[in-house]
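A short worksheet on the structure shown next.
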Amino acid sequence: MTEIKFDYFINGEKEKWEVIIGLEVHAQVLSKSKLFSSSPTKFGAEPNTQVSLVDSAFPGMLPVINQFCVEQSIKTGLGLNAKINLNSVFDRKNYFYADLPQGYQISQYKNPIVGEGEVVLDMPYGTKKVGIERLHLEQDAGKSIHDMDPDNSLVDLNRSGIALMEIVSKPDLRSPEEVNSYIKKLRSIMRYIGTCDGNMQEGSLRADVNVSVRKVGDKKFGTRCEIKNVNSIKFMQMAIEHEARRQVELLESGKKIDQETRLFDTKKNVTRSMRSKEDAHDYRYFPDPDLLPLHLDINLIDKLKKELPELPDQKKERFIKEHNLSSYEANILVSEKEISEYYEEVVKKCDKKLATNWIIVELFAVLNKKNLSISQSPVSAKNLSALIKMISSGKISGKIAKGVFEKMQIDDKDPIQIVEKEGLTQQSDPKELEKIVVKVLSKNKDKVTQYKSGKEKLFGYFVGEVMKLSKGKANPQLINQILKNKLK
Ligand code: ADP
Ligand code: MG
């Protein structure tokens with residue numbers, strides 16, 4: 001295999017630049033109720049129907065920590081190979097905004113629940129480790145709606161108080177592709193564990209993207225800008241590309257980068273300044289007096305560790321070892337929990353290599369074409385497995401199988417019934433096949449003579465004719481054997 005090298009740099013007018021990226025991912029905790037109240041968290045409910053007095057910050061209302069959300073964040077931390085802090089603190093992050101009735105967000109600042117960890121990415125140029133700085137728990141704010149009423153901005157507090165995990169990476173990412181891979185890996189880990197559904201359209205996963213540039217070879221990082229609240233991987237990649245180019249242009253024309261918060265304008269494809277970067281002291285962080293520090297029992301962490309499912313990296317290793325798959329194949333099959341489950345269901349009863357091929361090549365082609373996810377697959381794992389079993393046992397040929405596969409896609413039909421009903425069983429009786437071969441050869445005496453005098457290409461023609469006569473059902477290996485014998 002040719003080695004693929006990392007090659008993402010920005011070529012300015014004068015210099016070649018490296019791009020440095022760090023992400024603050026906000027992942028909504030998969031939980032039926034909010035972080036400090038019992039209000040439901042269902043997506044898409046009528047505005048302001050999932051709001052308690054705590055979420056709307058009525059005076060005197062007290063927050064009560066939701067243990068399930070705490071456990072969800074511990075599990076996520078374990079999935080990120082991170083240190084779980086036995087003592088953490090909830091702080092108030094003070095700022096004013098119409099959709100933040102409390103006037104502060106309850107977050108964690110100096111003492112987060114999860115410390116340093118690591119995520120491994122599989123890039124075309126090898127594996128790459130991305131450091132995790134921390135994961136902390138915080139509450140979401142409400143939502144301001146500006147496009148429903150021509151004269152007023154409206155506020156929906158359904159999101160207010162929903163639990164978020166903020167996962168902060170180290171500035172270890174170096175290209176939009178690595179960001180793509182990082183987000184997908186994070187999402188995959190959380191979905192395996194069941195701590196976040198990773199649904200970016202519904203806003204369950206968003207990220208603030210920090211970007212800076214430095215001349216190739218420089219050791220020191222440049223000043224970063226933070227692009228707020230990007231909710232699709234494609235937009236993140238576009239924003240990084242544009243922001244990096246903007247910074248390179250500024251620097252090459254002798255200007256400085258101001259550390260600031262920017263917004264990505266998805267219509268104009270540019271980043272725009274939103275405000276100069278606030279410092280932590282602007283938020284007047286202080287421990288929330290309504291909440292006790294969080295002390296975790298080491299036994300709880302051990303228990304949660306034991307309950308963790310097999311995660312993508314472990315599963316990948318197992319598939320490579322036990323199923324003899326390539327790293328490339330294993331990567332695809334573990335990339336989403338549902339794909340790995342589908343695969344494991346299929347291979348319970350049939351050949352693993354063949355199954356891998358059928359899933360990665362044939363099934364994925366259908367899913368892509370119809371824009372379906374694996375959970376919406378028109379062919380169930382059980383039926384695909386049955387089809388593959390018929391191929392490896394020689395009951396049907398690979399070619400016939402493709403036709404059967406087409407038919408299975410309507411109402412998830414049983415392949416065994418299709419084969420039986422349409423009489424597609426492979427013809428593997430040597431005597432029957434010999435009869436057909438003889439028929440074909442005697443019909444084509446002139447071609448047989450040509451073949452014998454050296455025109456060996458005609459072999460394929462004979463195979464084709466036998467196939468035609470058998471309506472595609474003849475066993476190709478047997479035809480080859482018999483034809484070779486007869487043509488000697
Ligand atoms: P803040 O709350 O001020 O945004 P955080 O510590 O929460 O600070 O997040 C900082 C983020 O910025 C991290 O993801 C970190 O990796 C990233 N980062 C820090 N320095 C740089 C830099 N020079 N270039 C790009 N990203 C950076
Ligand atoms: Mg931050």
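One-based numbering, in listed order, for ligands and for the atoms of each. Sequence positions, counted from 1, serve as the residue numbers for this chain. What's counted below: heavy atoms across the whole structure, side chains too, no hydrogens, waters or symmetry copies.
Of the heavy atoms in E226, only side-chain atoms (C-beta onward) come closer than 4.0 Å to ligand 1. Contact annotation: for L23 versus ligand 1, heavy atoms closer than 4.0 Å belong to the backbone alone. Only the side chain of R224 comes within 4.0 Å of ligand 1, counting heavy atoms alone; its backbone N, CA, C and O stay farther away. Within the 4.0 Å heavy-atom criterion, the part of V168 lying near ligand 1 is the side chain and not the backbone.
The ligand atoms of ligand 1 that sit less than 4.0 angstrom from a heavy atom of G222 are 23 (N). For ligand 1, the atoms closer than 4.0 angstrom to any heavy atom of G22 are 14 (O), 16 (O), 17 (C), 26 (N). In summary, the atoms of ligand 1 found under 4.0 Å from a heavy atom of S169, numbered by their order in the structure, are 13 (C), 14 (O), 15 (C), 16 (O). Those atoms of ligand 1 with a heavy atom of K170 less than 4.0 angstrom away are 16 (O).
Taking 4.0 Å as the cut-off between side-chain N and carboxylate O, E18 and R174 count as a salt-bridged pair. A salt bridge links E260 with R262: the closest approach of a Lys/Arg side-chain nitrogen to an acidic carboxylate oxygen falls below 4.0 angstrom.
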Evaluate R284 against N94 for side-chain hydrogen bond (donor to acceptor under 3.5 Å, both in side chains), listing each step before the verdict.
CA-CA 6 Å; R284 301 284 192 279; N94 300 279; over 6 Å; no

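Taking all atoms of both residues into account, the shortest heavy-atom contact from D55 to P101 is O-CG, 3.8 Å. A pairwise comparison of heavy atoms in Q108 and S88 identifies NE2-OG, 3.1 Å as the closest pair.
Looking at I167, N210, V130 and measuring to atom 11 (C) of ligand 1, the nearest heavy atom belongs to N210.
Inclusion of P171 in the set of residues having an N or O under 3.5 Å from an N or O of ligand 1 is warranted.
Only one option out of I10, T223, V19, I257 pairs with Q247 in a side-chain contact (heavy atoms from CB on, under 4.5 Å); it is I257.
A cation-pi arrangement is absent between K93 and Y285 under the rule of less than 6.0 angstrom and at most 45 degrees off the ring axis.
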